[in-house]
Amino acid sequence: MDWFDIGVNLSNGRVAIEPIIARASAVGVNTIMLTGTSVSESQKALDLCLIHANSLYSTAGVHPHYAQDVSDDFIEQLRQIASHKQVVAIGECGLDFNRNFSSKADQLKVFEQQLVLAVECKKPVFLHEREAFAEQIHLLRKYRGSLVGGVVHCFTGNLEQMQAYLALDLYIGITGWVCDSKRGQDLQEAVKHLPLDRLLLETDSPYLRPKGLPNNRKVDRGSNEPAYLPFIAEQLANIMEHELDVVQAHSVANGRTLFGVLGEC
């Protein structure tokens with residue numbers, strides 16, 4: 001099977017890149033999208049894509065945690081990064097009121113600026129949201145008519161929240177969170193109602209190692225990586241009561257649909 005992991009963090013220096021790409025390829029994860037969380041990380045992700053142009057794509061954006069740190073010209077810097085064909089989305093952008101590493105005001109301002117950039121660039125948005133659902137939906141409704149699309153990255157919410165995102169014709173990114181029978185109960189119930197044509201798969205590696213995965217300390221020492229995407233898909237297929245190849249085929253086709261046609265910035 002061929003797989004598409006839409007959410008991977010490989011530019012932060014925590015992991016060795018070449019072995020991870022090789023292990024992913026060995027199980028069919030041949031397309032990987034790297035997540036940009038700041039201007040510098042977005043540039044690093046693009047640099048990796050230029051080395052591995054046949055398998056890597058990336059996003060360009062500022063995570064809400066870092067909203068307070070942006071420069072006056074950060075949008076112009078992101079615009080330059082996003083002008084490259086390997087950069088297929090704007091983000092990771094959104095709101096995170098769980099810890100408020102940046103003030104709510106800064107987060108809202110920086111998020112809206114990136115939504116405007118996504119409209120200008122004609123690229124989908126790669127969205128982050130934690131404990132900020134009402135505010136996030138409000139801004140998305142404001143701009144959704146002009147956006148080409150988007151994905152709610154690492155969705156961990158409930159059925160009502162998922163349906164609100166689906167009503168905006170957004171895709172839902174599912175990670176190993178769905179494998180956690182304790183923390184992921186709301187998500188497990190929600191995905192039973194997730195249309196296959198809105199499903200995307202991601203590991204969010206090296207974070208969110210899926211529960212139930214054997215720990216091979218000689219290889220990964222407990223971290224997560226794209227090679228585990230088929231395991232997540234298998235658990236998801238069981239919950240959704242679909243065959244694994246059906247989940248695989250739809251997730252890959254959806255990823256190609258959302259990210260495959262690039263606009264010019």
Side-chain angles (χ1 to χ4, degrees), residues 6-7 33 35 37 59 61-65 67 88-100 102 104-119 122-180 182-202 204 208 232 235-236 239-242 247 250-251 253-255 257-259:
I6 70 150
M33 196 164 82
T35 306
T37 55
T59 73
V62 174
H63 190 286
H65 284 345
V88 297
I90 300 300
E92 179 177 0
C93 61
L95 303 172
D96 192 316
F97 296 166
N98 175 253
R99 292 186 178 179
N100 285 322
S102 292
K104 292 184 178 181
D106 284 342
Q107 290 187 49
L108 287 162
K109 178 181 178 181
V110 169
F111 180 31
E112 187 161 13
Q113 287 175 297
Q114 291 179 89
L115 290 175
V116 172
L117 178 63
V119 171
K122 298 182 175 61
K123 295 193 178 188
V125 284
F126 190 81
L127 298 165
H128 173 102
E129 181 269 313
R130 191 175 185 190
E131 297 184 15
F133 175 75
E135 295 87 348
Q136 181 123 324
I137 279 288
H138 175 74
L139 272 177
L140 287 172
R141 285 172 177 160
K142 178 179 178 180
Y143 287 95
R144 183 61 187 95
S146 301
L147 290 167
V148 299
V151 56
V152 184
H153 154 64
C154 190
F155 178 75
T156 59
N158 58 34
L159 175 59
E160 181 180 3
Q161 292 169 337
M162 186 185 76
Q163 289 175 331
Y165 285 126
L166 291 173
L168 294 178
D169 204 27
L170 296 170
Y171 290 83
I172 306 295
I174 301 299
T175 66
W177 192 274
V178 80
C179 303
D180 191 329
K182 293 183 179 180
R183 293 192 302 170
Q185 286 184 351
D186 284 346
L187 179 60
Q188 289 182 350
E189 287 303 312
V191 297
K192 295 176 183 178
H193 305 274
L194 175 58
L196 285 169
D197 64 358
R198 295 286 103 186
L199 166 66
L200 292 171
L201 291 173
E202 52 181 323
D204 201 27
L208 294 183
I232 296 170
Q235 310 312 304
L236 177 63
I239 295 169
M240 297 181 74
E241 298 184 349
H242 291 301
V247 169
H250 279 84
S251 66
N254 294 339
T257 297
L258 182 60
F259 304 114

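Values reported hereafter were calculated over all heavy atoms of this structure, with side chains retained and with hydrogens, waters and symmetry mates removed. Only a predicted model underlies this, so the values are computations on that prediction, with no experimental measurement involved.
- Not counting sequence neighbours, the partners of Arg198 by the salt bridge (charged side-chain N to carboxylate O under 4.0 Å, His left out) test are Asp169.
- Side-chain atoms of Leu194 and Leu166, non-hydrogen and from C-beta on, do get closer than 4.5 Å to each other.
- Judged as a salt bridge (charged side-chain N to carboxylate O under 4.0 Å, His left out), and not counting sequence neighbours, Lys182 has no contacts.
- Between Gln188 and Ile239, the shortest heavy-atom contact is O-CG2, 3.5 Å.
- Listed by chain and residue number, Ile90, Val125, Leu147 satisfy the side chain to side chain contact (heavy atoms under 4.5 Å, CB included) test with Ala118 (two or more places apart in sequence, or in another chain).
- In terms of heavy-atom proximity, Ile6 sits nearest to Phe126 at O-CE1, 3.5 Å.
- The nearest pair of heavy atoms linking Ser102 to Ala67 is OG-N, 3.2 Å.
- A search for side-chain hydrogen bond (donor to acceptor under 3.5 Å, both in side chains) contacts involving Arg183 returns Asp180, not counting sequence neighbours.
- No side-chain heavy atom of Val191 sits under 4.5 Å from any side-chain heavy atom of Leu199.
- From Gln107, atom CD reaches atom SG of Cys93 across 11.5 Å, with rounding to the nearest 0.5 Å.
- The salt bridge (charged side-chain N to carboxylate O under 4.0 Å, His left out) search around Glu131 returns none, not counting sequence neighbours.
- Residues passing the side-chain hydrogen bond (donor to acceptor under 3.5 Å, both in side chains) test with Glu112, sequence neighbours excluded: Lys142, Tyr143.
- Two residues are said to be in side-chain contact when any heavy atoms from C-beta on lie closer than 4.5 Å; Asn254 and Val151 fail this criterion.
- Evaluation of the side-chain hydrogen bond (donor to acceptor under 3.5 Å, both in side chains) rule for Gln163 yields no partner, not counting sequence neighbours.
- Surrounding CZ of Arg144 are more than 12 heavy atoms belonging to other residues, nucleotides or ligands, all under 6.0 Å away.
- Contacts of Phe155 classified as ring-ring contact (aromatic ring centres under 6.0 Å, His included), with partners at least two apart in sequence or in another chain: none.
- For His63, the ring-ring contact (aromatic ring centres under 6.0 Å, His included) test picks out His65, Tyr66, His128, with sequence neighbours left out.
- Looking at Val152 and Glu129, their side chains never come closer than 4.5 Å, going by heavy atoms from C-beta outward.
- Taking His193 as the reference, Leu159, Met162 meet the side chain to side chain contact (heavy atoms under 4.5 Å, CB included) condition, with sequence neighbours excluded.
- Under the salt bridge (charged side-chain N to carboxylate O under 4.0 Å, His left out) criterion, the residue pairs touching residues 185-197 are Glu189-Lys192, with sequence neighbours excluded.
- Listed by chain and number, the residues in a side-chain hydrogen bond (donor to acceptor under 3.5 Å, both in side chains) with Asp204 are Asn9 (sequence neighbours excluded).
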